[in-house]
Protein chains: 2
Amino acid sequence: MTSHLRNSGSHIALSPRVEPKLTLADELRIRLADDIVRGFLPLGATLDESQTARRFQVSRTPVREAFRELAASGLVDAKPHRSTLVARPDSERLNAMFETMAELEAVCAGLAAQRMTVAERQSLQEIHEQLRVLSFAGNPEQFHEINEQFHNAIYIGTHNNYLGELTIATRKRVQPFRRAQFRNLGRLHKSQAEHHHVVEAILREDRAAASAAMHAHIDLVHNEYESYAGSTLEGEMAGRLRTG
Amino acid sequence: MTSHLRNSGSHIALSPRVEPKLTLADELRIRLADDIVRGFLPLGATLDESQTARRFQVSRTPVREAFRELAASGLVDAKPHRSTLVARPDSERLNAMFETMAELEAVCAGLAAQRMTVAERQSLQEIHEQLRVLSFAGNPEQFHEINEQFHNAIYIGTHNNYLGELTIATRKRVQPFRRAQFRNLGRLHKSQAEHHHVVEAILREDRAAASAAMHAHIDLVHNEYESYAGSTLEGEMAGRLRTG
DNA sequence: GATGATTTGTACGTATGTATA
DNA sequence: ATATACATACGTACAAATCAT
């Protein structure tokens, strides 16, 4: 992954509208957010402005602006006159984020059950079927990808874009703690079974059941993380890196 | 309200730790967010960087950073190479925000019913009583102030800080559309009655009832806005200012 | 549609505050 | 505790894009 953002001399501008003309700050924000949620940047890591600027061959100005936006979205922690750090929520806050995600996803599933169009319901079923196949193929990366599509399909089905955005933002903030989930092959099939209850309820247009099934699903994701983090003691260890 | 942020020469630094040393960008963000939610800055207004910089006697750099953060929080709309505008959601998005607020507030009330400490329940009752008195005194500004305290008390009662932050953020984004609410004196008493159902359910530790009562309350706030906006045709008119 | 005026985006230098020896 | 080193905060100059004519 060579990281040169600076595209010296735009080449091959065949079709117009290919580039929405993003600013460097925007590209940096997207790139850094991706690095954080993918776990490429470790939690609690120091994000040096000059260093980051050199890394991407830009000045510090767009880097600063990207950091500020990431701070506003909660992915990094920035205090005045102090270096920006990749956010590392303590266990209380992490629990709060998981719980909130469960509530948000539950509301989404409930609304989707009431509002999805025929086409949207069919699309959801197709994605669900893809996941079933993948749960046997056992490719964690691919399963994760389609799993996101599954949840996105439900957000769209709510016909409430704002709610979808809030939910996605929360998902992103929790993602670093869900990453290892699908390493466990057994988890793929369990996830599949949980999804099945959600899909079934949505197709029945049963709001309460869809909501409850999704809530249960996210709670299990949370539990899965806790048992993983607890077993590896990663949470404890990470917690003592700076505070101890 | 003279607007000089520049405090030339810090004076009287008696006790240490009085000033958390906010940056200019932070102060600007807070100030501008306040101006927006209070309706001081009209929806859709253009926020010129240089102009704003001159207004506060600072350079464009902190202004830009403040704009970026406001954009991340959704209060302003910023596209690359275009002036930043005070966000003016269309009716579909506004409905989505109201609906989401109702769901979030409902979840908060439900969790609070289960989790509030004795002290927190008592505090909630006291605030509720203050509102009852104010609903007769009929001071809209003061009622609004204590009303925010009422809802904040519930967020605290959830013991889920993240959820509280999301809910507050959503409340802020909708606030410009709730401003005129309490001009209507009758609304104060209706609001009071709705709150009563919420408080009662919370004190009974009845999660479902608290959640439902709060949901109904916010829905009525939404309806109140719609009938107001509809009657003044403000929504329609504003909608045609730029798009037409 | 081209050109000038205006506004935003980026780079960089200096000031200021923080952390370390 | 003072001084030094270092990172961030801010101002200014210039480049690039948009808007108005």
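Per chain, numbering begins at 1; letters A, B, ... match sequence-line order. Because the structure is a prediction, the values reported are computed rather than measured.
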Can a salt bridge be assigned to the pair A:Glu99 and B:Arg115 using a cut-off of 4.0 Å between side-chain N and carboxylate O?
yes

Would you say B:Thr23 places a side-chain N or O within less than 4.0 Å of OP1 or OP2 belonging to D:dT8?
no

Could you tell me the separation between the CG atom of A:Asp26 and the C1' atom of D:dA17, rounded to a whole number of Å?
14 Å

Heavy atoms under 4.0 Å, any strand shown: does A:Thr61 hit a base, just sugar-phosphate, or nothing?
base

Specify the separation, in whole Å, of atom CG of A:Leu85 and atom P of C:dA19.
11 Å

Using a cut-off of less than 4.0 Å, is there contact between a side-chain N or O of A:Ser83 and OP1 or OP2 of D:dT8?
yes

Would you call A:Thr84 and A:Arg68 a side-chain contact if the rule is heavy atoms closer than 4.5 Å?
no

Bend angle of the helix from C:dA2-D:dT21 to C:dA21-D:dT2 from five-pair axes at both ends, rounded to 10°?
20°

As a test of reading the structure: which of C:dA11, D:dC10, D:dT8 is closest to the side chain of A:Ser50, going by heavy atoms?
D:dT8

I need the NZ-P distance between A:Lys79 and C:dT16, as an integer number of Å.
25 Å

Residue mapping more 5' on DNA chain C - nearest nucleotide basis, B:Asp48 or A:Ala25
B:Asp48

In whole Å, what is the span from the CD atom of B:Glu49 to the C1' atom of C:dT6?
12 Å

Picking from D:dA17, D:dT12, D:dA7, which would you name as closest to the side chain of A:Lys21?
D:dA17

Answer yes when A:Glu148 and A:Arg171 have at least one side-chain N-carboxylate O distance shorter than 4.0 Å, and no when they do not.
yes

Does this structure show an ion pair linking A:Asp90 with A:Arg93, if we count only N-O contacts that are shorter than 4.0 Å?
no

Nearest whole Å is fine: how far is C:dT8 C1' from A:Leu24 CG?
13 Å

Side-chain H-bond candidate by donor/acceptor type, A:Asn160 with B:Thr100, under 3.5 Å
yes

Looking at side-chain heavy atoms only, is the closest gap between A:Tyr155 and A:Asn161 below 4.5 Å?
no

State whether B:Arg55 and B:Asp35 are salt-bridged, where the test is any N-O pair (Lys NZ or Arg NE/NH1/NH2 against Asp/Glu carboxylate O) under 4.0 Å.
yes

Rounded off to whole Å, could you give me the CD-to-P distance for the B:Gln51 and C:dT6 pair?
14 Å

Counting just side-chain N and O atoms, does B:Arg60 come under 4.0 Å of either OP1 or OP2 of C:dG9?
no

If I take atom CG in residue A:Leu22 and atom P in nucleotide D:dA16, what distance separates them, rounded to the nearest angstrom?
18 Å

Taking the minimum atom-to-atom distance to the side chain of A:His81, which one of D:dA17, C:dA11, C:dT18 wins?
C:dT18

Of the listed C:dA19, C:dT8, D:dG11, the closest approach to the A:Arg82 side chain comes from C:dA19

Taking the side chain as every heavy atom from C-beta outward, state whether B:Val86 and B:Leu75 have any pair of such atoms under 4.5 Å apart.
no

Distance below 4.0 Å between A:Arg64 side-chain N/O and D:dT8 OP1 or OP2
no

Quick one: B:Gln57 CD to D:dT12 P, roughly how many Å, whole number?
12 Å

